[in-house]
Amino acid sequence: MSTSDTETRHISIRIDRPADEVYDYASDPVHLPEWAAGLGRSIEKTDGGWIVDSPMGRVVVDFAPRNDYGVLDHHVTLPSGETVHNPVRVIADGAGCEVVFTLRRRPGMSADEFRRDEAAVTADLATLKRLTEGR
């Protein structure tokens, strides 16, 4: 299935902190369990990459290299072997920023599962906002 055939949602949140500060925090994989509980509650670096204990089981997360463009993309390899690409951007907006997560409905995913994923991402972004605005 091509990505043009999939259902896509852009989930965003405004954060009243400079984009570079939000990016610095969110791009450090060590912080992931603090703000992205929807992905997992613990993370460890191994020879094979970053391993996350997720609600789906142990997954491997491959993060985009640090960059000057606010790109927080990451690939998640599920226990099934399927790899999901998650585009995420931190976009400067005046003294603050907007964080945008592009959520795509995977083949075979029910509407209910997609809604649960959307709710989890929305909650994760709200946590990122709370944590970074409190810094």
Side-chain angles (χ1 to χ4, degrees):
M1 173 182 276
S2 72
T3 56
S4 63
D5 295 335
T6 61
E7 185 176 355
T8 300
R9 300 258 167 77
H10 299 284
I11 305 163
S12 67
I13 195 162
R14 166 127 176 106
I15 299 178
D16 293 322
R17 297 296 298 170
D20 60 339
E21 289 181 20
V22 173
Y23 178 82
D24 285 345
Y25 176 80
S27 66
D28 185 345
V30 172
H31 295 295
L32 193 68
E34 297 169 9
W35 68 271
L39 179 58
R41 298 216 180 266
S42 68
I43 189 167
E44 68 178 285
K45 177 103 168 118
T46 68
D47 290 340
W50 290 96
I51 307 296
V52 175
D53 284 320
S54 82
M56 301 162 282
R58 289 174 64 82
V59 299
V60 178
V61 183
D62 180 32
F63 297 93
R66 285 187 58 83
N67 59 82
D68 294 332
Y69 305 105
V71 175
L72 289 173
D73 290 11
H74 54 284
H75 291 90
V76 178
T77 303
L78 305 175
S80 67
E82 176 187 7
T83 298
V84 179
H85 175 66
N86 297 294
V88 185
R89 301 291 184 274
V90 178
I91 304 164
D93 182 18
C97 66
E98 181 178 16
V99 178
V100 181
F101 187 110
T102 300
L103 179 67
R104 293 195 175 106
R105 186 172 173 180
R106 297 187 321 273
M109 178 182 261
S110 73
D112 244 11
E113 290 169 320
F114 190 55
R115 279 191 292 275
R116 283 194 299 271
D117 265 7
E118 182 179 15
V121 169
T122 300
D124 289 348
L125 293 181
T127 300
L128 179 62
K129 175 182 177 72
R130 181 178 48 79
L131 290 171
T132 55
E133 286 185 349
R135 291 184 164 271

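We're numbering straight along the sequence, starting at 1. Just so it is clear, the model here is predicted, and its values are computed rather than measured.
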(message) Do Arg17 and Tyr25 make a side-chain contact, defined as non-hydrogen atoms from C-beta onward lying under 4.5 Å apart?
(response) no

(message) Hydrophobic clustering (ILVMFWY, side-chain heavy atoms < 4.5 Å, transitive) - are Phe114 and Leu39 grouped together?
(response) yes

(request) List for me each residue that meets salt bridge (charged side-chain N to carboxylate O under 4.0 Å, His left out) alongside Glu133, sequence neighbours excluded, and say none if there are none. (result) Lys129

(request) Compare all side-chain heavy atoms of Tyr23 with those of Asn67 and state whether any distance is below 4.5 angstrom. (result) yes

(message) Checking Arg66 against Asp24 for the salt bridge (charged side-chain N to carboxylate O under 4.0 Å, His left out) test, could you report, in this order, the C-alpha distance in whole Å, the side-chain angles of both residues, the deciding distance, and whether it holds?
(response) CA-CA 9 Å; Arg66 285 187 58 83; Asp24 285 345; 2.8 Å; yes

(request) Report yes if some heavy atom in the side chain of Asp112 is under 4.5 Å from a heavy atom in the side chain of Arg116; otherwise report no. (result) yes

(message) Do Val71 and Val99 sit in one hydrophobic cluster, given that two such residues count as connected whenever their side-chain heavy atoms are within less than 4.5 Å of each other, even indirectly?
(response) no

(message) To the closest 0.5 Å, what do you measure between CD (Glu34) and CD1 (Ile43)?
(response) 10.5 Å

(request) Among Arg105, Arg9, Arg104, find the residue that satisfies the salt bridge (Lys or Arg N to Asp or Glu O under 4.0 Å) test when tested with Glu118. (result) Arg9

(request) Using a 4.5 Å cut-off on heavy atoms from C-beta on, say whether the side chain of Leu72 contacts that of His74. (result) no

(request) Work out which heavy atom in Glu113 is nearest to a heavy atom in Ser110; give both atom names and the distance. (result) OE1-N, 2.7 Å

(request) Specify the closest pair of heavy atoms between Val30 and Pro33, including all atoms of both residues, with the distance to one decimal. (result) O-CD, 3.4 Å

(message) Between Val100 and Ile13, is there shared hydrophobic-cluster membership here, with clusters defined by ILVMFWY side-chain heavy atoms closer than 4.5 Å?
(response) no

(message) So Leu131 and His31, do their side chains get closer than 4.5 Å, heavy atoms only?
(response) no

(message) If I compare all heavy atoms of Val22 with all of Cys97, which pair ends up nearest, and what's the gap?
(response) CG2-SG, 3.6 Å

(request) Consider only side-chain heavy atoms of I, L, V, M, F, W and Y, link residues closer than 4.5 Å, and tell whether Val121 and Leu78 are in one cluster. (result) yes

(request) Provide the full list of salt bridge (charged side-chain N to carboxylate O under 4.0 Å, His left out) pairs with a residue in residues 83-93, sequence neighbours left out, each pair given once. (result) Arg14-Asp93, Asp73-Arg89

(request) Kindly check if the number of other-residue, nucleotide or ligand heavy atoms within 6.0 Å of CZ (Arg41) is above 12? (result) no

Enumerate, atom names and distances included, each donor-acceptor pair closer than 3.5 Å involving a side-chain atom of residues 48-63, sequence neighbours excluded.
from	atom 1	to	atom 2	distance (Å)
Asp53	OD1	Arg58	NH1	3.1
Asp53	OD2	Ser42	OG	3.1
Ser54	OG	Met56	N	3.0
Ser54	OG	Gly57	N	3.4
Ser54	OG	Gly57	O	2.6

(message) What's the separation between atom CG in Leu125 and atom CD in Glu98, rounded to the nearest 0.5 Å?
(response) 10.0 Å

(message) Is there a path of hydrophobic side-chain contacts, each under 4.5 Å between heavy atoms of I/L/V/M/F/W/Y residues, joining Tyr69 to Ile15?
(response) no

